Engineer: 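Dumping the structure here so I can ask a few things about it.
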Amino acid sequence: MAFDNLRNRIAVAGIGYTPQGKVADRTAVSFHIEAVKNAIEDAGIGKEEVDALLLYRHFDAIGGDYDVTAFTAAEQLGIRPKLLSQETYCTRSWLLYCAGLLVSGLCRYVVLSYGDNARSARRSFVKELKGGNAVDELAAYGDLSTMAKYSMLARRAQDAFGTGPAVWKEIAIAQRRWANLNPIASMNHKPLDEEGYYAADLVAEPLRLLDATPNSDGGRAIVLTTAERAKALCRHPLVTIRGFGSANQPLSPYRLCAEDSDSAAARAGRQAFEMAGVTKEDIDACELYDCFTYTVEATLRDYGFFRAGEEKEFLTKERLGPGGEFPVNTSGGMLSEAYFMGLTPVSEGVMQLMGRCGERQLGVYPGTKTPGLIMCSDNGGVFQSHASLILERM
């Protein structure tokens, strides 16, 4: 295998959290700064050792806030890294950047951060209308948001595979049960049952309000370095990236197909399994990008954990939720913990492998086993970009 020399070369040395949920009177950049500061301290390094700072994603400033750039974040942190970067679109290329920088020796420590005041300032992902007027020809067909685009793929899968709300409620309830065990989750004190799921309004049929992740205020950051450096820090149990993959599907959402065995997720997943030298049977848990419940279904299907048509049998709250044989999104995920895009699943995967998850810790919670391999996903656009990681506790 051409890239098996990258196996377990890169480690996550630290995680940075901030207050999250609805946190009033905070700027987006303040969440970046706090998350990065906490991640650096968690890793046990000095800020002067940070060689690269990557801001996960650029958003337009809202609520009278300042525009956030990597230059602004670096200035506020008081650092002068070799490399500053910030994605404008959802290409999810951070994983390849980090791997190249660290394995090549160009950088010692790379920090990836996310921060937003999306909830308190009411960020909207409706881009097709402005001031009540259409700015996109798709608006004429009712395609007014990211959720509408995902709903088309969800409806296609519903017709093709017999999936639908009966499956998606299982995902939503399972993740809410995990969130009920996570004291920092936004939905920690809000149980969910079938009646509550079906009572939620339809937003973009067939998807309901509870099929979609809510916005969050807050930030999250991770410190990546080589496995050798992370081990020498002796701060936490060593967690490495055993295998990873990255792929893009540069097609407009309405041209995508739910039955595509060569989707971005399928290709990235195959790359990760091949590099890691493991199979799906070796994976102990998954931490997945869950912008919608259907995204969890599609990702697990594309990764090969079940075949098309087996959705109802495989995707049950008993299997995916606390005490289940195949834990998924143990923090509550973006649906029920907090929306920090790909850093929500990746940070939870690392924390689980480090044994730092308290009551919801796998191997501690009844009926679960201590994980050795956790698979994480990061999804961009409308299934158009995908990064896959298989994390290992060494």
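Side-chain atoms are counted along with the backbone in the values below, which use heavy atoms only and exclude waters and symmetry mates. All of these numbers come straight from a predicted model, not from anything done at the bench.
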Engineer: Knowing that exactly one of Tyr150, Tyr294, Tyr197 qualifies, which makes a side-chain hydrogen bond (donor to acceptor under 3.5 Å, both in side chains) with Asp211?
Structural biologist: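 Among Tyr150, Tyr294, Tyr197, the one meeting side-chain hydrogen bond (donor to acceptor under 3.5 Å, both in side chains) with Asp211 is Tyr197.
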
Engineer: Regarding Glu337 and Gln20, do their side chains bring together a donor and an acceptor under 3.5 Å, going by distance alone?
Structural biologist: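 Per modelled atom types, Glu337 and Gln20 side chains form a pair under 3.5 Å.
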
Engineer: For Ser388 and Ala272, which heavy atoms make the closest approach, and how far apart are they?
Structural biologist: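 Result for this residue pair: OG-CB, 3.7 Å.
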
Engineer: Rounded at 0.5 Å granularity, tell me how far OG1 in Thr293 sits from CG in Leu210.
Structural biologist: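 The OG1 atom of Thr293 sits 9.5 Å away from the CG atom of Leu210.
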
Engineer: Does the ring centre of His32 sit less than 6.0 Å away from the ring centre of Tyr56?
Structural biologist: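 So the answer is no for these two rings.
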
Engineer: Take atom NZ of Lys22 as the centre, draw a 6.0 Å sphere, and report whether it contains more than 12 heavy atoms from other residues, nucleotides or ligands.
Structural biologist: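 No, the 6.0 Å shell around NZ holds no more than 12 heavy atoms from other groups.
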
Engineer: Between the side chains of Asn329 and Glu348, is a donor N or O closer than 3.5 angstrom to an acceptor N or O?
Structural biologist: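 Absent: no donor and acceptor within the cut-off.
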
Engineer: Roughly how far, to the nearest 0.5 Å, is OG of Ser246 from CH2 of Trp94?
Structural biologist: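 Reported value, rounded in 0.5 Å steps: 9.5 Å.
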
Engineer: Between Arg235 and Asp42, does any side-chain N to carboxylate O distance fall below 4.0 Å?
Structural biologist: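 Salt bridge absent between Arg235 and Asp42.
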
Engineer: Report the residues that fulfil salt bridge (charged side-chain N to carboxylate O under 4.0 Å, His left out) with Glu325, sequence neighbours left out, ordered by chain and then residue number.
Structural biologist: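 Expected list: Arg319.
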
Engineer: Just by modelled atom types, is the His386 backbone N or O under 3.5 Å from a matching donor or acceptor in the Asn379 side chain?
Structural biologist: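 Pair absent, no side-chain N/O of Asn379 close to backbone of His386.
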
Engineer: Kindly give the cluster partners of Tyr66, where membership spreads through any ILVMFWY side chain lying under 4.5 Å from a current member.
Structural biologist: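 None; Tyr66 is a cluster of one.
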
Engineer: Which residues, ordered by chain and number, are linked to Tyr89 in its hydrophobic cluster, where ILVMFWY side chains connect at heavy-atom gaps below 4.5 Å, directly or through other members?
Structural biologist: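 When side chains under 4.5 Å apart are linked, Tyr89 ends up in no cluster with other residues.
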
Engineer: Counting distance only, does the side-chain N/O of Ser104 pair as donor-acceptor with the main-chain N or O of Leu106 below 3.5 Å?
Structural biologist: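 Side chain of Ser104 to backbone of Leu106: a pair is present.
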
Engineer: Closest approach of Ala221 and Val111, non-hydrogen atoms and distance?
Structural biologist: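 Where Ala221 meets Val111 most closely, the heavy atoms are CB-CG1, 4.5 Å.
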
Engineer: Do Arg177 and Asp193 meet the salt-bridge criterion of a basic N to acidic O distance under 4.0 Å?
Structural biologist: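 Judged by the 4.0 Å cut-off on N to carboxylate O distance, Asp193 and Arg177 do not form a salt bridge.
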
Engineer: Which value, rounded to the nearest 0.5 Å, describes the distance between Lys169 atom NZ and Arg176 atom CZ?
Structural biologist: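 With rounding to 0.5 Å, NZ (Lys169) is 14.5 Å from CZ (Arg176).
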
Engineer: Would Asn117 and Asp65 count as having a side-chain donor-acceptor pair, cut-off 3.5 Å?
Structural biologist: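 Note: Asn117 and Asp65 side chains meet the donor-acceptor criterion.
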
Engineer: For atom OH of Tyr97, decide whether the heavy atoms of other residues, nucleotides or ligands shown that lie under 6.0 angstrom number more than 12.
Structural biologist: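 Result for OH/Tyr97: open.
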
Engineer: In Å and rounded to the nearest 0.5 Å, what is the CG to OG distance from Leu288 to Ser377?
Structural biologist: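 With rounding to 0.5 Å, CG (Leu288) is 4.0 Å from OG (Ser377).
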
Engineer: Would you find more than 12 non-hydrogen atoms of other residues, nucleotides or ligands less than 6.0 Å from Glu48 atom CD?
Structural biologist: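 Yes - once you tally the heavy atoms of other residues, nucleotides and ligands closer than 6.0 Å, there are more than 12.
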
Engineer: Starting from Leu343, can I reach Ile390 by hopping between I/L/V/M/F/W/Y residues whose side chains sit under 4.5 Å apart?
Structural biologist: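 No.
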
Engineer: Looking only at heavy atoms, which two atoms of Val110 and Cys98 are closest? And how far apart?
Structural biologist: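 The answer is CG1-SG, 3.7 Å.
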
Engineer: Where do Gly358 and Val364 come nearest, in terms of heavy atoms and distance?
Structural biologist: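 Smallest heavy-atom distance, with atoms named: O-CG1, 4.5 Å.
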
Engineer: Check whether Asp260 reaches the backbone of Cys257 with its side chain - one donor and one acceptor, N or O, closer than 3.5 Å.
Structural biologist: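 Side chain of Asp260 to backbone of Cys257, a donor-acceptor pair under 3.5 Å: no, none is there.
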
Engineer: With a 4.5 Å cut-off on side-chain heavy-atom distances among I, L, V, M, F, W and Y, is there a chain of contacts connecting Ile283 to Phe306?
Structural biologist: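 Yes, Ile283 and Phe306 fall within the same hydrophobic cluster.
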
Engineer: Test the Arg57-Tyr114 pair against the cation-pi criterion, namely NZ or CZ under 6.0 angstrom from the six-membered ring centroid and within 45° of the ring axis.
Structural biologist: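 Judged by the rule (NZ or CZ under 6.0 Å from the ring centre, within 45° of its axis), Arg57 is not positioned above Tyr114.
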
Engineer: So, for Leu300 and Cys286, which heavy atoms are closest and what is the spacing to 0.1 Å?
Structural biologist: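 The pair with the smallest heavy-atom distance is CD2-SG, 4.1 Å.
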
Engineer: List the residues meeting salt bridge (charged side-chain N to carboxylate O under 4.0 Å, His left out) with Asp378, not counting sequence neighbours, and say none if there are none.
Structural biologist: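 Expected list: Arg92.
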
Engineer: Distance only, no hydrogens: is a donor on one side chain within 3.5 Å (strictly under) of an acceptor on the other, for Glu287 and Thr330?
Structural biologist: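 Result is yes, a qualifying pair exists.
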
Engineer: Which ILVMFWY residues are connected to Leu238, directly or by a chain of links, through side-chain heavy atoms under 4.5 Å apart?
Structural biologist: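 Grouped by the 4.5 Å side-chain rule, Met394 form the rest of the cluster around Leu238.
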
Engineer: Output the distance between atom CG (Leu320) and atom CD1 (Ile171), rounded to the nearest 0.5 Å.
Structural biologist: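 Between atom CG of Leu320 and atom CD1 of Ile171 there are 6.5 Å.
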
Engineer: Kindly state whether the ring of Phe305 and the ring of Phe326 have centres lying under 6.0 angstrom apart.
Structural biologist: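 Between Phe326 and Phe305, which both carry aromatic rings, the centre distance is below 6.0 Å.
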
Engineer: More than 12 foreign heavy atoms under 6.0 Å from OH of Tyr198: is that the case here?
Structural biologist: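 For Tyr198, atom OH is crowded (more than 12 foreign heavy atoms under 6.0 Å).
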
Engineer: So for atom CZ, which belongs to Arg356, do other residues, nucleotides or ligands contribute more than 12 heavy atoms lying within a distance under 6.0 Å?
Structural biologist: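 Check passes, neighbour count above 12.
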
Engineer: Is a side-chain donor or acceptor of Arg393 paired with a backbone partner of Val239 at a separation under 3.5 angstrom?
Structural biologist: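 Checked: no pair found.
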
Engineer: Under a plain distance cut-off of 3.5 Å, with no hydrogens placed, do Ser93 and Glu87 share a side-chain donor-acceptor pair?
Structural biologist: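 The criterion, which ignores hydrogens and geometry beyond distance, is satisfied for Ser93 and Glu87.
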
Engineer: Go through Val12 and Ile15 one step at a time and tell me if the side-chain contact (heavy atoms from CB on, under 4.5 Å) criterion holds.
Structural biologist: CA-CA 8 Å; Val12 181; Ile15 308 286; 3.9 Å; yes

Engineer: Would you say the side chains of Arg360 and Asn182 form a donor-acceptor pair under 3.5 Å?
Structural biologist: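 The answer is yes; a qualifying pair exists.
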
Engineer: Please find the pair of heavy atoms, one from Thr295 and one from Tyr289, that lie closest to each other, and give the distance.
Structural biologist: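 Heavy-atom minimum between the residues: CG2-O, 3.4 Å.
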
Engineer: Would you call Glu34-Arg26 a salt bridge at under 4.0 Å N-O?
Structural biologist: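 Yes, this pair counts.
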
Engineer: Within the 3.5 Å criterion, strictly below it, is a donor on Glu297 or Thr163 matched to an acceptor on the partner's side chain?
Structural biologist: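 Yes, because at least one side-chain N or O of Glu297 sits under 3.5 Å from a partner of the opposite role on Thr163.
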
Engineer: Can you tell me if Arg220 and Ser347 form a side-chain donor-acceptor pair at under 3.5 Å?
Structural biologist: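 A donor-acceptor contact under 3.5 Å links the two side chains.
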
Engineer: Would you check if there is a donor-acceptor pair between the side chains of Asn248 and Gln384 at a distance under 3.5 Å?
Structural biologist: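 Asn248 and Gln384 do not have a side-chain donor-acceptor pair below 3.5 Å.
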
Engineer: Going by side-chain heavy atoms closer than 4.5 Å, which hydrophobic residues are tied to Phe161, directly or by a chain of links?
Structural biologist: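 None; Phe161 is a cluster of one.
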
Engineer: Using only atom types and a distance under 3.5 Å, with no angle test, would you say the side chain of Asp116 pairs donor to acceptor with the backbone of Asp217?
Structural biologist: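 A pair under 3.5 Å: no.
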
Engineer: To the nearest 0.5 Å, how far apart are CG in Leu77 and CD1 in Ile33?
Structural biologist: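 Spacing of CG (Leu77) from CD1 (Ile33) equals 3.5 Å.
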
